[in-house]
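Only one structure is covered here, and it is reproduced in the block below.
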Amino acid sequence: MEISSKYNPKEVEKKIYSFWLQLNAFNAEIDYSKKPFAIVIPPPNITGVLHMGHALNNTIQDSFIRFRRLTGYQVLWMPGTDHAGIATQNVVERALLKEGKRKEDIGREEFQKKLWKWHEEYGSTIIHQLKQLGASCDWRRSRFTMDSLYSEAVKEAFIHLFKKGLIYRGRYIINWCPRCKTALSDEEVIRKEVDGWLYYIRYPIDKTTCKALKKDYIVVATTRPETMLGDTAVAINPLDEKNKWIKNCRVILPILNRLLKVIEDQLVDPEFGTGIVKVTPSHDPVDFVLAKKHNLEFINIMKDDASLNENASKFCGMDRFKAREEILKALEEQNLLEKNEPYKINVGHCYRCNTIIEPRLSLQWFVKMKPLAKPAISVVEEGKVNFYPPHYKKIYLNWMENIQDWCISRQLWWGHRIPVYYCKSCGAHQLKSIDNIPNNELLTIDKKGIIVSSAKPNSCPDCGLNDLVEEEDVLDTWFSSWLWPFATFGWPFRKVLKERANIKDEFLLEKEEDIQKAKEELKYFYPTDVLVTASEILFFWVARMIMAGLEFIGEVPFRNVFVHGTVRDAQGLKMSKSLGNIIDPLVIIEKFGADSLRFSLMMLALGGSDVYLSDEKFLVGRNFCNKIWNASRFILMNIQQSQLEISDLKLENLDKIDIWLLKHLNNTIETVTNNFENYRINEAAKTVYEFFWHIFCDWYIEIIKDDFAVKAKVALYTLVTSLKLMHPLAPFITEEIFQNLKTIVKIDLGKALINNSWPEPFALKNLDIFDIEELINIVYQIRNVKFILGLANKNITLILKTSGKNFLFEANSGWIKRLARLDNIIFVDKLKRILYKSDFCEFDFDIDDVDVNNFISNLEKKIIELQKNIDNIKLRLENENFLKKALQETIQEERNKFSALIAEKAKLEELKNAFK
RNA sequence: GGGCGUGUAGCUCAGGGGUAGAGCACUACACUCACAUUGUAGAAGUCAUAGGUUCAAAUCCUAUCACGCCCACCA
């Protein structure tokens, strides 16, 4: 069998992946003889294309999964996709716009059809890409957050919370995206500091209401002058002496000439601006709070696209920013704009389209979070859910303790429809209109005529009539995602028949036994073991899943949360398409192979901290894969060429070199196992890298080259063991080599590597490997001295004097000569000249005219180094306090160190002096 | 404003009370046939700053300075 000197990932990966699929190696079924290990994938958006963040996230998961699969767990990696409300709607809207249509032109139903069609065509792009990465998910189970059965879960959750009084509908100031035309939760708003202006505007005082005037106007400071049209008061701090005089006045709102009263509230900072604030209840969150408290009128001045409405008089129809200019102009004309100064403002942006958010008064659905948060705080405090790295625990708790109610309604056409019906006869549907709210009416909602139900009811329970309309809004995408860890198993286990499914769902519970099986699977695999996620969605998703798990199942959804960092470019900027700084994982896979990508990422996947990437970072993985390939190639070719018949991997008649290697291998197995178990994946990668390359290849294989036939078994054993250790990180190449190996050696190794067994340390008697380490050190010393003397590329003869260890050198002379590039080794009793000296041996070369200057200066440098250390320790040993207070053990250690250093230095000086 | 974290070699980071570590990059040498996607050797750091605890601090504590992330109603 010919083995190419270059690994060809493209061919191999395709072949190996379908081999795994044929084996059903990813499939997870209940097996009570094994312990379960489950991970649910963070479902990527159906609009998603695999980016480096996905690659990192999923490689970590796949490595954990493959590790556990090999260690004998019954493994489930549950895959799926997320319908991603706004994101998907935006994509399809854009496509529609290319045809010159808006979604309103074709209507909700038609638009939804287009969405589903889009999902069918492109929705699984990312799934295919995950397969290219090597993800070993049980693809049969793939779920979509809009599956018919999943809808049942969403409805169940809503109804459950509603009945419990944890869902309410309320008029509230929410974040509104005027482009997406929907409400957003606080988490969906990205705050960015932008340069703006702080405008100082004069509001004249109504002289009929105010007697003792200091001035005939007051000044308010604002960054958003256009909202002044909705002002219904001005406010000062009750303790603000300098503005106290306006307390009982009324002021006149410029342009509209509305009379505003002055209110007093602690929320006002007397130090900011003039200490007087304009209050715009419908367009500012703080003012909203003030207005409720002080019973102010709410005037909405904007339409849903953030252009001004009829309440804005002559500015009606104008865009908000245009209106700002015009209003400033008008104020200036009337000499009411006192000044403006540059000012940095924190402005909210839509996380999907980056449009500036408008605080907007509207009627929305909310979940009361405090009662849900309470148990979710306890489980983390008690350690039932652990974070890696652990400091995320604090961040989580801090957030949870300050949690706000969750706005869950979205004015989108793509998503789970809120399971609510309104009775027209009871007037419930009219509450939807939000413009011109008379004072503060309807801030809480009477439940009359509002029916929460999973299907349209026949009649209104309040009035008995059947004039019902369905709620138009859909639910926040995260309201379905937070159910992911158990909804994917089929919770709430309702029978859903094919006829009722609105798409060709593959996952339906049609028969009673399906339901029973699904329930059993949940019981077996849930709670899942670890959730792997980026820190960005800790609150969006992770925290909410914990709450949902506890509320709906009564048990945490996962025991561990592994948080990895954000993927950034070499400059530290977040990778994003708009910045044009992305490194496409698919390009890396194309160029170097999936394993190179995976291994490189895992070397860098330090828990919690961000991953800085540049193209050359992927060379680590590529080079390592090349090393794995070629080392394996060497071993296999030699077994073939020497026609070795190896029938088993039992190791016997080991010599010291073998034991030296196996000791290192044992340590590696232990460390790698430990690192995987403790989610220290980069440590696992580094450990196996170090062993395979620098112990196994650099030394062992080099040492045994001359008598490979004798050592082949140990080499083969070590190779197989290493393949297992590396498989979670580099699955394709290790499986490929494993399969090649099977055709060459006549050993029953099992059918495949993927579901093979994890290695155990080899049982070694505690044999001393000191001699081998010494010999390796001597080879290193010979090379070193040769370099210093400028003899690196010359073959020379070594003249050696040992302390009774000649036999050792004789027994190992083959490899020592080869690795140190020696013609010969001559043993003598006394050296004329000494180039190296230790307790073990001393040596010289058979070359007379060496350039000693370099050698001497090198010795001097070493002596100076040693002297520094000696001085340090001497100081310590002369310190009475040290002798009095340090542990006896420590003192003895220091003394030993001291004498060792002194001896070492003496040797070097002796060498040096011999040359003078 | 509050919370969390980070500052160690040119870069990316390990480590962690008692002589500073790795990888990459760099320098020199070597195409000795598994691998130049290689090998061998080398140079490189007052462990952010200032105090404190300690016999001993890069390591623990405090403050400061930088940087990063998250949360928050300063218009």
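Every heavy atom of this structure was used, including side-chain atoms; hydrogens, water molecules and symmetry mates were not. Within every chain, numbering begins at 1; the chains are lettered A, B, ... in the order of the sequence lines, protein sequences first and strands thereafter.
Between Lys10(A) and Glu590(A), at least one side-chain nitrogen of the basic residue sits less than 4.0 Å from a carboxylate oxygen of the acidic one, meeting the salt-bridge criterion. Note on Asp706(A) versus Arg818(A): salt bridge recorded, some NZ/NE/NH1/NH2 to OD/OE distance being below 4.0 Å. Ion pair Lys370(A)/Glu401(A) not flagged as a salt bridge, since none of the NZ, NE, NH1 or NH2 atoms sits closer than 4.0 Å to an Asp/Glu carboxylate oxygen.
Under the side-chain contact (heavy atoms from CB on, under 4.5 Å) criterion, Lys394(A) pairs with no residue, sequence neighbours left out. Among residues two or more places apart in sequence or in another chain, the side-chain hydrogen bond (donor to acceptor under 3.5 Å, both in side chains) test is passed with Asn879(A) by none.
Ring geometry for Tyr7(A) versus Trp629(A): interplanar angle of 30 to 60°, hence tilted. Using cut-offs of 30° and 60° on the angle between ring planes, the pair Phe696(A) and Phe691(A) is parallel.
Using a 4.0 Å heavy-atom distance criterion, Tyr612(A) is classed as a sugar-phosphate-only contact. Residue contacts for Asn402(A): at a heavy-atom cut-off of 4.0 Å it reaches no nucleic acid atom on any strand shown. Residue contacts for Thr890(A): at a heavy-atom cut-off of 4.0 Å it reaches a base atom on one of the strands shown. Looking at heavy-atom distances under 4.0 Å, Tyr7(A) makes no contact with the nucleic acid at all.
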Report each atom pair, protein N/O against N/O of nucleotides 54-57 of chain B, whose distance is under 3.5 angstrom.
| residue | atom | partner | partner atom | Å |
| --- | --- | --- | --- | --- |
| C55(B) | OP1 | Lys885(A) | NZ | 2.8 |
| C55(B) | O2' | Asn879(A) | ND2 | 3.0 |

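Considering only the side chain of Val268(A), A75(B) comes nearest among G42(B), A75(B), U19(B). Of the candidates C73(B), C71(B), A43(B), the closest approach to any side-chain atom of Trp399(A) belongs to C71(B). Residue Arg568(A) has its side chain nearest to C69(B) when only C4(B), A41(B), C69(B) are considered.
Close to A75(B), at under 4.0 Å from its OP1 or OP2, lies a side-chain N or O of Tyr343(A). The phosphate of A75(B) (OP1 or OP2) has no side-chain N or O of Lys278(A) nearer than 4.0 angstrom. Checking the phosphate oxygens (OP1, OP2) of A75(B), no side-chain nitrogen or oxygen of Tyr200(A) falls inside 4.0 Å.
In this structure, Asn869(A) places its CG atom 11 Å from C1' of A20(B), rounding to the nearest Å. Atom CD1 of Ile403(A) is separated from atom P of A72(B) by 11 Å (rounded to the nearest Å). Distance, Tyr392(A) OH to C71(B) C1': 14 Å, rounded to whole Å. In this structure, Tyr836(A) places its OH atom 14 Å from P of A41(B), rounding to the nearest Å. Whole-Å rounding puts the Glu226(A) CD to A75(B) P distance at 14 Å. To the nearest angstrom, P of A75(B) lies 14 Å from OH of Tyr199(A). One can place NZ of Lys868(A) at 11 Å from C1' of G45(B), the figure rounded to the nearest angstrom. To the nearest angstrom, P of A75(B) lies 8 Å from CG of Asn346(A).
Annotation: cation-pi geometry not satisfied between Lys393(A) and Phe387(A) (NZ/CZ under 6.0 angstrom from ring centroid, within 45° of ring axis).
Applying the side-chain hydrogen bond (donor to acceptor under 3.5 Å, both in side chains) test to every pair with at least one member in residues 693-702 of chain A, sequence neighbours left out, gives these pairs: Asp658(A)-Tyr700(A), His694(A)-Asp698(A), Glu702(A)-Lys705(A).
C31(B) and C69(B): their C1' atoms are spaced 49 Å apart (whole Å). A gap of 31 Å separates the P atoms of A36(B) and A44(B), to the nearest Å. Nucleotides U27(B) and A20(B), compared at atom P, are 28 Å apart to the nearest Å. The gap from the C1' atom of U8(B) to that of U49(B) amounts to 15 Å, rounded to the nearest Å. Between U19(B) and C26(B), the two P atoms lie 33 Å apart (nearest whole Å). Straight-line distance between the P atoms of G52(B) and G42(B): roughly 41 Å, to the nearest whole Å. Comparing U64(B) with C4(B), their P atoms sit 15 Å apart, to the nearest whole Å. Across G17(B) and G23(B), the matching P atoms stand 24 Å from one another, rounded to whole Å.
Nucleotides of RNA chain B nearest to Asn398(A) and Thr222(A) differ in position, and the one nearer the 5' end is that of Asn398(A). Summary of the strand contacts: Leu619(A) and Asn784(A) both lie near RNA chain B, and taking for each the nucleotide with the nearest heavy atom, the more 5' one is attributed to Leu619(A).
Under 3.5 Å, the side chains of Asn678(A) and Asn674(A) contain a donor-acceptor pair of N or O atoms.
A 4.5 Å side-chain heavy-atom check between Leu819(A) and Ile703(A) finds at least one atom pair inside the cut-off.
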*Check the pair Phe539(A), Met400(A) against side chain to side chain contact (heavy atoms under 4.5 Å, CB included), reporting the backbone distance first and the verdict last.*
CA-CA 9 Å; Phe539(A) 305 131; Met400(A) 289 294 270; over 6 Å; no
_If you apply the rule side chain to side chain contact (heavy atoms under 4.5 Å, CB included), what do you find for Ile583(A) with Phe618(A), and how did you get there?_
CA-CA 11 Å; Ile583(A) 298 176; Phe618(A) 295 99; 4.1 Å; yes
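Secondary-structure stems of RNA chain B, taken as three or more successive Watson-Crick or G-U wobble pairs (i with j, i+1 with j-1) under a 3.5 Å distance threshold, comprise B:1-7 with B:65-71, B:10-13 with B:21-24, B:26-30 with B:38-42, B:48-52 with B:60-64.
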*Annotated protein contacts, base or backbone, on nucleotides 26-39 of chain B with a non-hydrogen cut-off under 4.0 Å, one of B, S, - each*: --B-S-B-BB-BSS
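Between Pro281(A) and Leu296(A) the shortest heavy-atom distance is CG-CB, 4.4 Å.
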